[in-house]
Amino acid sequence: MPLRKMTHGSSCLQNRSNCSQIRYPINRLIIEEGIRNDPVVIKILKALPGLSPEYIKNEEIDFSCLNHDTLALCRNKGRFLKPCPGTKEYLCCLYQFLNIGLNCPIDCTYCILQVYLNTNALVVYVNYDDLLSELGSEIMKNPSIIRIGTGELTDSLALDPLTGISLVLIDFFSRQRQAYLELKTKSDHIGDIIDLDHQGQTIMSWSLNPQNVICNEEGLAASLNDRIKAARRCQERGYKTGFHFDPILLYKEWEADYESVIETLFRNVDFRFITWISMGCFRFIPELKPVIQKRFPKSLIVYEEFIPGLDKKMRYPQPVRINIYSKMALWIRKRWPDAFIYLCMESPEVWKASIGYAPDDNLTLKSWLDERCRIR
Ligand code: SF4
C-alpha cells in the first residue's frame, strides 16, 4: 500500500512559542475555593490578568464538563508519583512519573490524553509542598537510582511560565544524588530554568519530529528549530539533554524528513552532552482513532496499515517498525558512532533486529539508563 503524504494544508505557524511566555488560549479560570490565598494561585492569577476567576468548592467542580480552554487550579488529594504503566509484553525502563497536572495545551492530534482522562480542562495541582514531601520520602525509601519525569499526563514545560513548577523541581533535585529528573517537552519554555544551579540532576529532553509533522500534527508546539535552539542553550548551561523520536510517523516523505531532523540536531547540539536518544513508532489504543477523525479530520495518520500489538495498541507491522528504527539508528550513528539509543515499548526481537542489541529484561534496561544519568 503506498504511503500517504503528510502535508494536508494546515497552516504552519513558525515561532509559535516563546521561551518565557505562554500563548495558549485560556478563556476560563476555575479555582478550588480553599486555595485562593495559595502563593502559586496568586502567581498564576497575576500572569492571567484578563480572566475573572470562578471559585468553586473542590467537590462541586465537575471536571468532565470543562473544555480545553479552561484552566483549573486545585490540590491533588491523591498520590503524585507512580510507576510508568508500561505493559509487560514490551521492555520498559521502569521510569517513575510525577503528576503535576492533567492535560496539555499543545493539543497534538495523536495525543493519548484525549481518551485517557476524564476532563478536557488544563488542571494544575498547586500543592507543591505535598508533592515535594511525597517525593522526598519515596526517594529516601529507594535504595537505587530513581529516574522521574513529569511528562505523562501533560507536557513538562508547556505551562511552566505560569506555574513555575520546573523551577521548584530542579531546585529540589539539585540536592539529590540518587534521583534524576527528566523534563520532556515540545515547547521551548526554558526562560525560567536556564540559569538554575541544577547540579547535573536534571535532564532536559525534547520530543522531535520533522517540521512537516509539527505543522500538521503537533498543534501549538514550538517549531523544530526553536526546540533545538532551546536544547543547545540548555547544553551551554551544563544541562544534560535527551531527545525522543516518539511518535515516529510513517508517511511518504518520512525518510528524507527524519534524516534531515537528525542532521539538523547534530549540527546544532553537542552529542557529548546527550544522555540518551529514544525511539518509538506511533501507537494508539483503538478508542483514539474516532477521536482523531472527529477532532482533526484533515489528519491522515490513522490511515496507514496497523496491526494490534500484544498490549492491544495499534502499531505499524513489525517489519515496518524494524525498517524505521534501523534507518534512524544508522542516521544517528553516522553522526554519533557510540550513540546511546533505546526503544520505547518494543520487544527484544525488535531491539535486536533494528539497533543490534537488547537488554535481557526491564531491570537491565533500567540499569543502562541509570548509568547514563551518572555520566557528567
Ligand atoms: S505535547 Fe505531549 S502531552 Fe501535549 S498534546 Fe502533545 S502528545 Fe499530548
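Just so we're clear, the structure is a prediction, and the values are computed from it rather than from any experiment. All ligand and atom numbering here is 1-based and tracks the order in the structure.
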Item to complete: Under the side-chain contact (heavy atoms from CB on, under 4.5 Å) rule, collect the residues that match up with Ala358, sequence neighbours excluded.
Response: Pro348, Trp351, Lys352
Fill in: Asn216 (side chain) donor-acceptor with Asn212 (main chain) under 3.5 angstrom
yes
Worksheet item: Is there a path from Leu113 to Val124 through hydrophobic residues (I, L, V, M, F, W, Y) whose side chains come within less than 4.5 Å of each other?
Response: yes
Discussion item. With 2.8 Å as the threshold, which protein atoms of type N, O or S lie near atom 4 (Fe) of ligand 1? Leave waters out.
Written reply: Cys104 SG
Worksheet item: Less than 4.5 Å apart, any side-chain heavy atom of Asp107 and any of Phe296?
Response: yes
Worksheet entry | Between Gln293 and Tyr303, a side-chain donor and acceptor under 3.5 Å | yes
Worksheet entry | Glu346 versus Tyr325, side-chain donor and acceptor atoms under 3.5 Å | yes
